[in-house]
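Pasting a structure below so you can have a look.
To find a chain, count down the sequence lines: A is the first, B the second, and so on, and within it residues start at 1.
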Amino acid sequence: MTTSSAISRSPFLNYTKTIEDENLALLYLRRDIQIPIILNAQDRDDEGYHEGKVANTRFGSFPHSTLIGVRWGSQIRASTVDTGSRGRGKRNQKRKLEDEAQDSDVTKVPVRADSGFAHLIPPTPENWTTSLPHRTQVVYTHDSSYILQRLRARPGTIIIEAGAGSGSFTHAACRAVYGHGGKVLSFEFHQPRYEKLQAELQAHKLDDLVELRHRDVCQDGFEGSDHKANAVFLDLPAPWLALKHLTRPGPLARDKAVRICTFSPCIEQVQRTVGDMRNLGWVDIEMVEITARRFEVRRDRVGHQEEGLKGVNSNAASVDEAVSRLAEIQKRMIHGDDEERVTKQCRLAKIKEAQTGRKLHIEGYLTHRSEIEAKLHTSYLVFAILPMEWSEDDEVKAQNQVIPDPKKEKGKKQIRRELRAKDEANGNAE
Amino acid sequence: MDELIRSGSYVALQLPSELLKVVEIQPNITISLGKFGAFQTNNLIGRPFHVTYEIVDKPSRDGGSNLRPVPAAELHELGIGDTTTPDEAVIGNDGVDFEVVDTEGKVVMRTNQFINEDGANQILTLEDIEALKKADNSAGKDVIAKILESHTSLDKKTAFSLAKYTLRKSRKYMKRFTVLPIDVPVIVKWVMDGKDAPRIMEMREETLSLVTSWSNVHWGGAHGNESCNGLGQTDHNRWLVVDEISGLLVAAMAEQMGILHSRPRDSMSLSEDVLRNVAATEINGISESHEESGRTKESDPIRIQQARIHRQELFMSGTTNTITLVHQNAQPNLSLLTYFGYNTSDPDMNHPLYTNLKEISFLQLLHPEEDYGYLEPAESTPEQLKEMKSRQKSAYYRKRRRWQRTKAIVEETRAGGFAGLAVASAMTPASILHTLVPLLRGGAQIVVYSPTVEPLTEIVDCYSKARRSAFALAENPVVPCEEYPVDPRLLIGVSLHTARSRPWQVLPGRTHPKMSGRGGSEGYVFVGTKVYPAEGTIEARGFRKRRKLDVSTNGTQHGSPALQSELPHTESQSEVDMEVDKEVVSLIDNAQSTVGD
């Protein structure tokens, strides 16, 4: 396989020691805010910043010149960038003036800002899934990882994907099949989505791994590639209409078992798909649903010492604490107010003061709970297998095969013994 | 992986009960499936996988096959019963009078109102069935037909229960099996369905897929020719693994890297980069092998190298697409790799793992000087060597080679630069991460599997925002200590996941989730990304909701709980009228202590 030795240029697959110009990187601000940027030293779009191309975020501005050439995973400081005086009209005027003043427009060296930072991390199919521009419902990591595992997508697999949608599954599939000649044969019937994904794959340098076609596979089938698939993923509104095109000869590999997965949100879609799969000779048909949860871990602090503080429970932490507080109040009622009584304000001030000395990061119960936005259902996954084609001729050949009997062959140990003897003989001869 | 059943390999046989049985397909032997019958392995060798066979007879002496491949249509008959589509099927609409009827008198479905299941309905006795089974030569179909015939109230059964009854009897008496190739998901299913789940820490198939994908493990290119394509900067694809689940994690990672299933010898037996690497060390004179075998100089360098490299020198010598296994005992337990043709006690040098799986103990990693294998064995002078007997001599070289191998692995592991870390271990996650995270390159993914959530909530908490803030403000914090078991600045994007698959039965008119499944532990996955903190002081920035000033400002410590595991940016919602948090991060210069730096 000639392709097996070629190293992909994609930042998803090929890790360079430092961050290179023209590559995709993620500006990590927070777990739910990761901004994909294509690094651009030249500022081709000429956005008018003095520092050249700049990524502006709510946590500061990051000129690309401060990002290119650093090592992956670096914490990057924000720079002071004049974002205000860049009005369109003003800019053009200004530029005209500047052009006259200094033709060799030198970009300004960025000045470090007082605050703000981000981490620059390499793209992965997982962080791309959470940060990609949504064009359709995306296939989330818990689904795509399970699907790719069930499809046995691994280096060398040829996988058909229809439709490509936002490209989330495309990226995960690329990583899985990369190497030993693996390819993704991708189909998308929506023209604008097809164009956007094509541009994205080029920008991500995955275009040599993905054959993307603009086509409605339900009508026009999967033909056109030199590669024959042994895995199929159908994320289509009516997957059963596409099944009849998955044939041998045709897009499927003749000499391999083919695994399929269809991805449909409704049970009716599943029933039609499964019915048609049965008629078309697919076996081992199974339907599963994946539910996934992400947890939030936090320390829950309870007790009177938390009174007035935020995000905590200032009720009594124990019966003892409750009783002592009650007793205190009852005592006052019995004996009347005296000057020893601590006002609430005073108490709160004390609590606040005490807080600085506390190690809040290791106090309280360590708890976990599902994150608020739970995905209860994404889609039903139907899996099936089409065993490799096996003709009567093949069977006759197999029946007539001579099966070597290891008992009559030399054992491993014997071979080794002989080799060692030979080695030693050579050693002695020297 | 091969598409045909190969002599000498392991396969999984899926029985009608849906249980798996893993067997080794040695030629010329008979494999017995107990009550389902027996067959000759020669009738499977060279045939494709995923075919379901019926055992139609006793295995014949002349080697003729007693296996009949069952066509797909026949397989599907079993569950469906009849071929009506769900739209047409009015359930139980056959004129029987005990039915659920809707308001317009239309039959909705039959009920079990008049069925008494007391076991007396089946007139066949156990002995009768045994006799039938003995006389049977229709792969169990006749037995099942007789059993159904002899059920007195069969006609009263609803369509549901009839299909269920047929299916249940079929699973019990059908003499069928399907041949599946061994791969990681099949092994997981086999171990989990058996009694051996603790052996793999109850790792579910769906959890394992989370582990491999979040780890970002993949094939990393063959680096022998990296200078040719102008990618000189490319880093090698080396992975760190802590596997206490009998080699399952190693197998899963290797499968994703394309180094688990041995390929036909001609194409994959020895990767070029390995050969180049060995060749380079030989030229540098580090290797002793030239004395033994390096004599010939011929035109084709690769082939010559291949001929003269000693198998011991190839062992664990890969430079890219490698897995470095860090283990807690003198020898790691990798018993499950046997099913993939890699037996650690007698490794096959043609298996990709022979070169690409490296082993190092925690002692060798942290205190190599205390490890016997790291001590250099005495070197003999050429004169001494001449006087040695051949056996002594080969023992001498074997020892030297083993030492060189250990030394090389220790050094390259301590040098770091790993692409990622995957852990499935009962050891405290913090102790593992403290030791191994510094060995990862920036942007590397870290995944830790645990069957239970508690160890993982602890490690997530070690990287919490509150912990990070306190660490930044602490004066010369020492890592590890009780307060900071790990350096909290080295990971971002820390999160905790779980996934669960729910299988369904999809049959016309009878679609519903399966009634039972496996309980036990849920299985959780910790995920994080390795980063390098900047030197010096950094203040975070963030926009705040403007709030009234009546709330007490209470510093940086108690963030909104929902955000506590986040970065310092979102300090807390209780900040007052501040656009800039005065949180100070990282006063201490890059404290990537311990090994590696």
Side-chain angles (χ1 to χ4, degrees), chain A residues 5 7 14-17 28 30-31 58-60 71-75 115-117 119 121-122 124 142 145-146 149 154-155 175 178-180 256-257 274 278 281 283 287-295 297-298 309-311 352 360-361 366 368 385 387-388 390 398 401 403 405 424 427-428, chain B residues 3 7 27 42 45-48 50-51 72 76 206 209-210 213 216 218-219 221-222 225 231 233-235 255 258 390 442-443 457 460-461 466-467 470 492-493 495-504 506 529-534 538-539 541 543 557-558 560-561 564 566-567 569 574 580:
Chain A
S5 57
I7 298 179
N14 175 51
Y15 186 93
T16 53
K17 285 184 175 140
Y28 179 104
R30 225 168 57 182
R31 199 174 56 197
R58 53 192 286 202
F59 301 130
R71 57 180 177 169
W72 285 109
S74 296
Q75 191 177 26
S115 67
F117 63 82
H119 287 91
I121 57 170
T124 65
H142 61 265
S145 62
Y146 183 74
Q149 182 171 289
R154 44 177 88 127
R175 176 181 63 192
Y178 168 50
H180 304 304
K256 285 181 174 134
V274 169
R278 288 195 178 111
V283 297
M287 192 265 264
V288 301
E289 184 188 8
I290 303 282
T291 45
R293 282 179 298 161
R294 199 169 76 169
F295 295 100
V297 174
R298 71 187 201 202
L309 304 183
K310 286 272 167 182
K352 222 172 84 185
L360 298 180
H361 54 283
L366 189 54
H368 74 285
I385 298 176
M388 78 177 265
W390 192 247
Q401 71 192 332
I403 299 165
D405 191 339
E424 285 171 6
N428 287 338
Chain B
E3 293 295 330
S7 166
N42 287 14
I45 293 169
R47 282 18 171 238
H50 304 294
V51 175
H76 294 314
E206 57 271 30
S209 73
L210 280 187
S213 53
N216 195 30
H218 58 81
W219 191 71
N225 45 8
L231 289 166
Q233 259 212 344
T234 299
D235 213 354
E255 192 164 60
S390 60
T457 56
V460 170
D461 184 56
R467 188 90 59 151
I492 57 167
S495 53
L496 187 51
H497 303 258
T498 187
R500 190 70 187 267
S501 75
R502 176 171 214 189
W504 284 59
V506 183
T529 305
K530 161 79 185 282
V531 291
Y532 300 110
I538 289 196
E539 280 173 21
R541 191 190 306 188
F543 297 114
Q557 294 298 336
H558 78 283
S560 149
Q564 276 202 350
E566 301 289 341
L567 260 191
H569 289 305
S574 67
V580 177

- Message: If you define the side chain from C-beta out and look only at heavy atoms, does anything of A:Q75 sit under 4.5 Å from B:Y532?
- Response: no
- Message: Let's test your reading of the structure: which of B:A72, B:G443, B:S209 forms the most heavy-atom pairs below 4.5 Å with chain A?
- Response: B:S209
- chain B contact via A:Q401 - side chain, backbone, both or neither, heavy atoms under 4.5 Å: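 It is the side chain, since no backbone atom gets that close.
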- What class does the angle between the rings of B:W219 and A:Y178 fall in, given that below 30° is parallel, 30 to 60° is tilted and above 60° is perpendicular? perpendicular
- Item | A:V274 versus chain B, the contacting section by heavy-atom distance below 4.5 Å |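 A:V274 touches chain B through side-chain heavy atoms alone.
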- Heavy-atom proximity to chain B below 4.5 Å, by part of A:I121: side chain
- Message: Strictly below 4.0 Å, N to O, side chains only: are A:R154 and B:E255 in salt-bridge contact?
- Response: yes
- Determine the interplanar angle of the A:H368 and A:F295 rings, folded into 0 to 90°, and report it as parallel if under 30°, tilted if 30 to 60°, perpendicular if over 60°. perpendicular
- Item | Distance in Å, A:Y28 OH paired with B:I492 CD1, rounded so as to fall on 0.5 Å steps |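 Separation between the atoms: 5.0 Å.
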- Note on the structure: Honestly, the part of B:T529 sitting under 4.5 Å from a heavy atom of chain A is side chain
